[in-house]
Amino acid sequence: MGSRARARRAAAMLGFLGLLCAVLGAVMIVMVPTLIKQQVLKNVRIDPSSLSFNMWKEIPVPFYLSVYFFDVVNPSAVLLGEKPQVRERGPYVYREFRHKSNITFNDNDTVSFLEYRSFQFQPDRSHGLESDYIVMPNILVLGAAMMMENKPMSLKLIMTLAFSTLGERAFMNRTVGEIMWGYEDPLVHLVNKYLPNMFPFKGKFGLFAELNNSNSGLFTVFTGVKDFSRIHLVDKWNGLSKVKYWHSDQCNMINGTSGQMWAPFMTPETSLEFYSPEACRSMNLVYKESGVFQGIPTYRFVAPSTLFANGSTYPPNEGFCPCLESGIQNISTCRFNAPLFLSHPHFYNADPMLAEAVLGLHPNPEEHSLFLDVHPVTGIPMNCSVKLQLSLYVKAIKGIGQTGKIEPVVLPLMWFEESGAMEGEPLQTFYTQLVLVPSVLHYAQYVLVGLGCVLLFIPIIHQIRSQEKCYLFWSSSKKGSKDKEAIQAYSESLMTSAPKGSVLQEARL
């Protein structure tokens, strides 16, 4: 009796424990998604108390700027009207450092900041040195010639004379360092002296001179503390809610974020929109596929084919015109009216006529498409590669001898890739807190429910087996009483006197 009582108590305790596990698992199934969402909302907003604030303030991801130049192989032939031939040189790789300063929290749930950037050359990652010489179009000469196209012939002749006096030519042979960070040019000093508002720069001229040790403008973005629906969205840039570079309100709008973080809880229908001061416009990337980066689930976003399409192909882009072939964007209105165009490298995703007009171009999606891999739950980028090309529209201008007989062509100058991937301790911390722990909680809730159900079956099974034992005992007891009655009757029959002849009969037997 004692052992059966102990067994009943043990089964009851296991059943109670199973009930607790099942209830706890059910509560977790209901509550864990809500708790995870609350933690994500708390930690992705721009607030000094959030986990992502230091990551937002001092980006821990090592960024690299890889620059590829198009070295013009036949400059003399181009001046005679032949098709240009280029040779890609590079990459010339720079480590990019970013940090935010002048961080000011405003009363309207926004924060204002300046983000400064600096670049350091990385010889071990580069295929070449900053002392390498590159032959490329002289942007100042050919750009100024294009601006003078519709001016009186007398002014053109004066410009030709000035170019000759200063020794300026249509093509120049400069080092990588000079092209990137600036070189002294007598034309710049002359223009700034007599036409002080023509160029937005003083002194040296270089393609990236204004980006090194400088900021990209004053951003004011929503923090998401009071109104989560607007988290990371740009409120103003340099005090403006829209720019004035383009010819339509839609193209002038400042949409999306500052390009560093996006709203969490993305779906495949989500798009990545951000404002780029370098491109002077907002850009929009679209979902392509799901993936995994270092164990972290991601969504990959890419540029749509309409990003640099002209107005004829994609009417909403009409405001960026005047346009040439589809796939390149005219950025002259925000680059001192020089005929500069922005596109994907090697004119990828553009009208094939552009790549066919220049020998040495080989567009392909593997090398020349851009992408951003973003963790969909938090909206934080894990891996990115943004690739863009800068080109110059050149042609012969009657009256300006330096342009020779150049046939109209969009001549690529260089393309660059800004890339970065989360790694090291920040990656491990992100994985542990935002992937591993939620995954453990997710599986733990179902394990608890399953374990609870198993434990709840133990007292039920014990009760069933106890009932079976009682039935067998009762059946055995009933059968035993009948046997005892039969034995007793047989014994009594032996004790009675046997009839005559029975002894002889038994003896015979």
Inset, instruction - Using the ring-ring contact (aromatic ring centres under 6.0 Å, His included) rule, take Phe121 and Trp181 through it: C-alpha gap first, then chi angles, then the decisive distance, then the call. - result: CA-CA 12 Å; Phe121 184 62; Trp181 312 119; 9.7 Å; no
Inset, instruction - Apply the test side-chain contact (heavy atoms from CB on, under 4.5 Å) to residues Asn383 and Phe371: give CA-CA distance (whole Å), side-chain angles for both, the deciding distance (0.1 Å), then the verdict. - result: CA-CA 8 Å; Asn383 184 28; Phe371 69 85; 3.7 Å; yes
Legend entry - Criterion side-chain hydrogen bond (donor to acceptor under 3.5 Å, both in side chains) on Glu115 and Gln260, from CA distance to verdict: CA-CA 11 Å; Glu115 183 173 74; Gln260 296 174 352; 2.5 Å; yes
Legend entry - Test log, rule ring-ring contact (aromatic ring centres under 6.0 Å, His included), inputs His344 and Phe308: CA-CA 8 Å; His344 296 293; Phe308 297 123; 5.2 Å; yes
Inset, instruction - Begin from the C-alpha positions of Phe208 and Phe416 and carry the test ring-ring contact (aromatic ring centres under 6.0 Å, His included) through to its verdict. - result: CA-CA 11 Å; Phe208 283 77; Phe416 60 90; 5.7 Å; yes
Legend entry - Worked check of side-chain contact (heavy atoms from CB on, under 4.5 Å) between Leu142 and Thr403: CA-CA 7 Å; Leu142 295 176; Thr403 60; 4.1 Å; yes
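Looking at Pro376 and Phe265, their side chains never come closer than 4.5 Å, going by heavy atoms from C-beta outward. Residues Val234 and Phe219 meet the side-chain proximity criterion, which asks for heavy atoms closer than 4.5 Å. Residues Ser391 and Gln389 meet the side-chain proximity criterion, which asks for heavy atoms closer than 4.5 Å. By the 4.5 Å heavy-atom criterion applied to side chains, Ser241 and Asp235 are not counted as neighbours. Thr333 has its side chain within reach of Trp246: a pair of non-hydrogen atoms, C-beta onward, lies under 4.5 Å apart. Residues Lys204 and Tyr183 form no side-chain contact, since every pair of their non-hydrogen atoms from C-beta on lies 4.5 Å or further apart. Using a 4.5 Å heavy-atom cutoff, the side chains of Asp351 and Met353 are in contact. For the pair Trp262/Leu272, a side-chain contact is recorded, criterion being any heavy-atom separation below 4.5 Å from C-beta on.
At least one donor-acceptor pair closer than 3.5 Å links the side chain of Ser214 to the backbone N or O of Glu210. Looking only at distances, a side-chain donor or acceptor of Thr257 sits under 3.5 Å from a matching main-chain atom of Gly259. Distance alone, capped at 3.5 Å, is enough to place a donor-acceptor pair between the Thr160 side chain and the Lys156 backbone. Asn106 contributes no side-chain N or O that, together with a main-chain N or O of Asn108, makes up a donor-acceptor pair within less than 3.5 Å. Judged purely by atom type and a 3.5 angstrom limit, His346 uses its side chain to pair as donor or acceptor with the backbone of His362. The backbone N or O of Gly224 sits nowhere less than 3.5 Å from a side-chain atom of Asp227 that would complete a donor-acceptor pair. Between the Asn238 side chain and the Leu218 main chain, a donor and an acceptor come within less than 3.5 Å of each other. For Trp415 (side chain) and Ser343 (main-chain N/O), no donor-acceptor pair under 3.5 Å exists by modelled atom type. Using a distance-only test at 3.5 Å, with no hydrogens or angles considered, a donor-acceptor pair links the side chain of Ser50 to the main chain of Arg45. Between the Asn212 side chain and the Met180 main chain, no donor and acceptor come within less than 3.5 Å of each other.
Checking each of Met159, Met172, Met146, Glu168 against Val141 for a side-chain contact (heavy atoms from CB on, under 4.5 Å) leaves exactly one that passes, namely Glu168.
Figure legend: Arg300 and Tyr287 shown without cation-pi pairing, the cationic atom not lying both under 6.0 angstrom from the six-membered ring centre and within 45 degrees of its axis. Both the sub-6.0 Å distance and the 45° axial angle are not jointly satisfied by Arg98 relative to the ring of Tyr116. Phe113 carries Lys100 over the face of its six-membered ring, with the cationic atom under 6.0 Å from the centre and within 45° of the normal. Geometrically, Arg89 does not engage Tyr68 in a cation-pi contact defined by less than 6.0 Å to the ring centre and at most 45° from the axis. With Phe97 as the aromatic partner, Arg95 meets the cation-pi criteria of under 6.0 angstrom to the ring centre and within 45 degrees of the ring axis.
No donor-acceptor contact under 3.5 angstrom links the side chains of Asp47 and Thr223, judged on distance only. Asn310 and Glu325 are not linked by any side-chain donor-acceptor pair at a separation below 3.5 angstrom, with hydrogens and angles left out of the test. No hydrogens or angles considered: nothing links the side chains of Tyr133 and Glu178 as a donor-acceptor pair under 3.5 Å. A donor-acceptor contact closer than 3.5 angstrom is absent between the side chains of Tyr393 and Asn330. Side chain to side chain, Ser164 and Gln402 meet the donor-acceptor criterion of an N or O pair below 3.5 Å.
The number of heavy-atom neighbours closer than 6.0 Å to CD of Glu184, taken from other residues, nucleotides and ligands shown, is above 12.
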